[in-house]
Amino acid sequence: MDFNVKKLASDAGVFFTRAVQFTEEKLGQAEKTELDPHLENLISRADSTKNWTEKILRQTEVLLQPNPSARIEEFIYDKLDKKLPSRMTTAELLGQYMLDAAKEFGADSPYGSTLITVGEYQKRLGGAEREFLQTSAAAFLSPLRNFLEGDWRTISKEKRLLENRRLDLDICKARLKKAKQAEAKAAAEHELRVAQTEFDRQAEVTRLLLEGISSTHLNHLRCLQDFAEAQTTYFSQCHHHMQELQRELHRCANAVGAPHSSAASSNPAFPSDHSSPGASFSACDPKPGPLSMEPPATGTRKAKVLYDYDAHDASELSLLADELITVYTVPGMDPDWLVGERGNEKGKVPVTYLELLS
């Protein structure tokens, strides 16, 4: 018990002496040992790395999970080392609502069948989002957290020890200056040598740790690349799903709105037989046949392609951004589509992917 009391008193005395030294340095009343420029630069670089890692981590968490309550729940489960309960993404939840609504309105009705189509694609979008969140958490967020909670804590501890050794060194320097008697000077000089040795040793340990920040930057660079790749995959999947959804909605709208025995059947390019080449313009058929467009072109003009477009079947024409093609329409054709020609190639092209030129 006596030992603990004495140690506590000694620690309190050391803390007080360091506080006095620190305060006098701030007031310009005491000299301060400066670190060498290389070590100062390493400390500054490490502090910047820590500060920006925290900001990037927090903002990425907001990007991936905008709901603050959900982020707090994830944080608590992570600290408790427990698995977070499975939660539907917002797109999956919306898709499920649409599917449930379709059951009530009737899956065979136009509205009900469209709800099913859109709902299924919303669930696909939600699945892509879930995969993106999981990949980003493992490949990007976890390494950043590991740095802040692991390496940086070690660096911070060693930096504090270095500052304490520096204060102890300057305290010993001040005592040596104040010593008058030979015996007091000898004791002060011995304390100064010990303090200088401990300071130099701690400075070297801290320097080695801080130089490891370069490896941290390389690791974070790889994590950034993985994060960007995950985003690219996610947005590509979303783009693909939405193209598919748009195509399905166009086909179903044509099937509901286009008569099968009037203009389409009277036009040679659109015979009533669904197995014939032009049937895809007027029926909700997932596998239309190739186009055979022989009627005279109506409103032939040039068009510039705005985005790449991959044909989904033989009736469509694939496009490359910035290329010029010839486009025209034919009677009875869906207004959202045109016939496009590139040399000997011909097929349907979506109007939204084109800039029509005069």
Side-chain angles (χ1 to χ4, degrees), residues 39-97 121-160 162-163 206 209-243 245 307-308:
L39 186 55
E40 287 282 9
N41 289 336
L42 289 176
I43 291 175
S44 176
R45 187 162 174 255
D47 289 340
S48 295
T49 300
K50 179 258 185 182
N51 292 334
W52 283 110
T53 299
E54 284 183 331
K55 291 179 180 179
I56 292 172
L57 174 62
R58 286 197 298 267
Q59 194 57 38
T60 305
E61 289 175 333
V62 173
L63 172 69
L64 299 179
Q65 178 51 268
N67 188 336
S69 300
R71 290 202 304 274
I72 293 174
E73 181 183 5
E74 291 174 358
F75 175 79
I76 292 174
Y77 272 90
D78 182 63
K79 291 302 177 184
L80 295 176
D81 197 23
K82 291 186 177 181
K83 184 178 180 181
L84 184 70
S86 179
R87 182 193 297 119
M88 294 182 72
T89 63
T90 53
E92 287 175 318
L93 189 58
L94 174 60
Q96 189 59 52
Y97 285 165
Y121 276 94
Q122 292 300 320
K123 296 189 77 171
R124 294 184 190 180
L125 290 173
E129 180 184 0
R130 180 189 300 278
E131 183 179 350
F132 168 59
L133 295 177
Q134 293 173 347
T135 302
S136 299
F140 189 59
L141 295 182
S142 291
L144 297 189
R145 289 197 190 100
N146 290 340
F147 165 71
L148 293 173
E149 297 175 2
D151 293 349
W152 181 252
R153 286 185 179 180
T154 302
I155 291 173
S156 297
K157 177 183 176 182
E158 298 303 326
K159 281 175 58 185
R160 287 193 299 269
L162 178 62
E163 178 64 6
T206 307
L209 283 173
L210 293 174
E211 287 177 346
I213 290 294
S214 296
S215 297
T216 298
H217 285 187
L218 289 175
N219 183 43
H220 288 184
L221 184 153
R222 289 189 291 268
C223 295
L224 277 172
Q225 293 172 336
D226 291 341
F227 179 57
E229 184 177 348
Q231 280 186 308
T232 301
T233 301
Y234 170 57
F235 290 125
S236 296
Q237 289 175 335
C238 290
H239 179 68
H240 174 72
H241 291 324
M242 293 312 297
Q243 277 192 319
L245 173 59
Y307 321 102
D308 291 348

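Fair warning: this is a prediction, and the values are worked out from it, not measured in the lab. All residue numbers in this chain count up from 1 along the given sequence.
- Counting only residues at least two apart or in different chains, ring-ring contact (aromatic ring centres under 6.0 Å, His included) contacts with residues 39-58 are absent.
- Annotation: side chain of Thr135 is not in contact with side chain of Thr233 (no heavy-atom distance under 4.5 Å).
- Residue pairs meeting the salt bridge (Lys or Arg N to Asp or Glu O under 4.0 Å) criterion with at least one member in residues 215-237, sequence neighbours excluded, do not occur.
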Please walk me through it: do Thr53 and Trp152 pass side-chain contact (heavy atoms from CB on, under 4.5 Å)? CA-CA 11 Å; Thr53 299; Trp152 181 252; over 6 Å; no
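- Residues Leu39 and Leu210 are in side-chain contact: their nearest non-hydrogen atoms beyond the backbone lie under 4.5 Å apart.
- In this structure, OG in Ser48 is found 12.0 Å from CD1 in Ile43, a value given to the nearest 0.5 Å.
- What you find for Ala230 and Ser136 is that their closest heavy atoms are CB-OG, 4.2 Å.
- Nearest heavy atoms, Thr206 versus Glu158: OG1-O, 3.5 Å.
- Here the CD1 atom belonging to Ile56 is positioned 11.5 Å from the CG atom belonging to Leu141, to the nearest 0.5 angstrom.
- Residues Gln122 and Gly95 approach most closely at CB-CA, 3.7 Å, considering heavy atoms.
- The shortest non-hydrogen separation linking Leu133 to Leu64 is CD2-O, 3.4 Å.
- Residues passing the side-chain hydrogen bond (donor to acceptor under 3.5 Å, both in side chains) test with Gln225, sequence neighbours excluded: none.
- In this structure, Asn146 contributes its side chain and Ser142 its backbone to a donor-acceptor pair below 3.5 Å.
- Side-chain contact check for Arg145 versus Glu61: some heavy-atom pair is nearer than 4.5 Å.
- At a threshold of 4.5 Å between non-hydrogen side-chain atoms, the residues Leu125 and Leu245 do not count as touching.
- Pairs passing the salt bridge (Lys or Arg N to Asp or Glu O under 4.0 Å) check and including a residue from residues 44-56, sequence neighbours excluded, read Asp47-Lys159, Lys50-Glu54.
- Between Phe235 and Phe132, the ring planes are tilted. Angles from 30° to 60° get that label.
- Taking CG from Asp151 and CG from Leu209, the interatomic distance works out to 8.5 Å, rounded to the nearest 0.5 Å.
- In this structure, Tyr121 has no ring-ring contact (aromatic ring centres under 6.0 Å, His included) partners at least two apart in sequence or on a different chain.
- To the nearest 0.5 angstrom, Leu144 atom CG is 5.0 Å from His220 atom NE2.
- For the pair Gly126 and Glu92, the tightest heavy-atom approach, listed with the atom from each and the gap, is CA-CG, 3.5 Å.
- When the ring-ring contact (aromatic ring centres under 6.0 Å, His included) test is applied to Tyr307, the partners found at least two apart in sequence or on another chain are Tyr353.
- Going from atom CD1 of Ile213 over to atom CG of Leu218 covers 11.5 Å, rounded to the nearest 0.5 Å.
- A 4.5 Å side-chain heavy-atom check between Thr60 and Phe227 finds at least one atom pair inside the cut-off.
- The NZ atom of Lys123 lies 5.5 Å from the CE atom of Met88; values are rounded to the nearest 0.5 Å.
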